[in-house]
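Okay, structure first, notes after.
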Amino acid sequence: MPKPMILQMGAYPSWDETPLNEAYDLRRYFEAADKAAFLAEHGPSVRAIATRGELGASREIIAACPQLEVISVYGVGYDAVDLGACRERGIRVTNTPDVLSGDVADFAVTMMLAQSRGVVAGDAWVRDGSWAAQGGMPLQRRAFGRRAGILGLGRIGFEIARRLTGFGMQIAYSDVAPKDYAADWSFVKDPETLAARSDFLFVAAAASQETQHIVNARVLQALGPEGMLINVSRASNVDEEALIAALADGTLGAAALDVFEGEPALDPRFREVPNILLQPHQASGTIETRKAMGELVRANLAAHFAGAPLVTPVI
Ligand code: 8YV
């Protein structure tokens with residue numbers, strides 16, 4: 001029985017590549033010089049796609065694989081997978097929820113603290129001799145005890161809020177509806193009102209058509225010159241043009257971003273605007289979490305090809 005052919009959209013750590021190569025006939029799309037030719041040659045035999053949250057699988061890729069049965073996402077976010085195309089053909093989709101929530105939440109809090117307390121600037125202040133030459137760094141802003149707003153109180157948003165409770169922060173959140181697991185925190189229907197009553201606005205919502213640019217110019221204005229935006233979800237949740245303008249003219253105090261439109265080729269203006277912390281989409285980037293994500297990707301593929309129930313199905 002030939003091994004099922006899998007189209008691999010992006011690289012995985014070696015601890016995943018090895019078992020995947022043993023179990024499947026992997027075709028590494030991301031390494032192909034001529035991707036159209038590669039797809040034309042191998043697409044007709046592909047039964048599964050193994051991808052990553054930020055890479056997904058487009059309608060064109062899916063259409064090039066007439067025998068496609070399942071797409072396994074290495075990531076919780078599946079916004080880059082064309083679910084409509086999948087539903088039309090009964091193609092299953094899986095992701096890796098829960099296993100990364102803790103690390104992503106840790107990283108969101110880390111970005112808040114690092115930007116509020118000038119950790120990156122402080123490291124530079126020591127390295128470039130400013131401390132010796134000029135003395136202490138300019139004073140920073142406190143984080144504990146202030147007001148936090150969570151846009152999207154799903155698994156990751158919940159873990160962020162749980163951690164911020166430990167900082168004695170006043171916590172409010174916005175989501176499609178109040179959450180029964182969030183009795184201690186205030187529900188605010190609209191993001192603009194949430195921003196107006198927050199010092200720190202965390203964006204943790206699963207990206208979708210409905211959340212496109214949910215953080216717009218009005219929300220950034222409401223967050224204000226003392227406020228900070230922290231995004232660990234998807235860049236599409238934020239209007240980047242409005243964000244760059246708000247940081248440049250001081251309408252918004254600061255931002256800390258782990259995700260960008262067109263990443264890793266982010267808008268070069270982000271390197272020029274003041275009061276911003278830039279991170280390379282590493283919120284889930286720990287060995288522990290990535291191993292757990294890889295195990296789930298492989299478990300879902302194994303379940304599918306064994307005709308068993310999927311472990312973490314999306315559709
Ligand atoms: C990526 C993510 O999957 O979980 C998601 O949706 O965006 C990330 O965890 C990860 O960066 C691997 O590419």
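Read the numbers this way: they start at 1 and go in the same order the structure lists the ligands and their atoms. Just the heavy atoms: all of them, side chains too, but no hydrogens, waters or symmetry mates, feed the values below.
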Would you check if the side chain of Asp103 reaches a backbone N or O of Ser284 as a donor-acceptor pair within less than 3.5 Å?
no
Do Asn275 side-chain atoms and Ala254 backbone N/O form a donor-acceptor pair below 3.5 Å?
no
Using modelled atom types only, decide if a donor and an acceptor are shared between the side chain of Arg141 and the backbone of Glu226 within a distance under 3.5 Å.
no
Heavy-atom nearest neighbour of atom 10 (C) of ligand 1 within options Arg290, Arg52, Glu263:
Arg290
Sub-4.0 Å atoms of ligand 1 with respect to non-hydrogen atoms of Arg234:
2 (C), 5 (C), 6 (O), 7 (O)
Closest non-hydrogen protein atom to atom 2 (C) of ligand 1, residue and atom name please, with distance?
His281 NE2, 3.5 Å
Met293, any N or O under 3.5 Å of ligand 1 N or O:
no
Hydrogens and angles aside, do Thr312 and Asn300 bring a side-chain donor and acceptor to less than 3.5 Å of each other?
yes
Heavy atom under 4.0 Å from ligand 1: found in Leu100's side chain, backbone, both, or neither?
side chain
Would you mind reporting whether Gln115 and Gln140 have side-chain heavy atoms less than 4.5 Å apart?
no
Provide, to 0.1 Å, the distance between atom 5 (C) of ligand 1 and the closest protein heavy atom, together with that atom's residue and name.
Val76 N, 3.4 Å
Atom 1 (C) of ligand 1: closest protein heavy atom, distance to 0.1 Å, is Glu54 OE1, 3.5 Å
What about Tyr74 and Val259, same hydrophobic cluster or not, with Ile/Leu/Val/Met/Phe/Trp/Tyr joined at side-chain heavy-atom distances under 4.5 Å?
no
Students often mix this up, so state it plainly: with edges at 30° and 60°, are the rings of Tyr181 and Phe158 parallel, tilted or perpendicular?
perpendicular
For ligand 1, which is the ligand I care about here, please tell me if Gly77 has any N or O atom under 3.5 Å from one of the ligand's N or O atoms.
yes
Write out the residue and atom name of the closest protein heavy atom to atom 3 (O) of ligand 1, then the distance separating them to 0.1 Å.
Tyr74 O, 2.8 Å
For atom 9 (O) of ligand 1, the closest protein heavy atom turns out to be Ser284 OG, 2.7 Å
Using a strict cut-off of 4.0 Å, indicate which atoms of ligand 1 neighbour a heavy atom of Gly53.
3 (O)
Tell me whether Thr96 contacts the main-chain N or O of Gly75 through its side chain, where contact means a donor paired with an acceptor under 3.5 Å.
yes
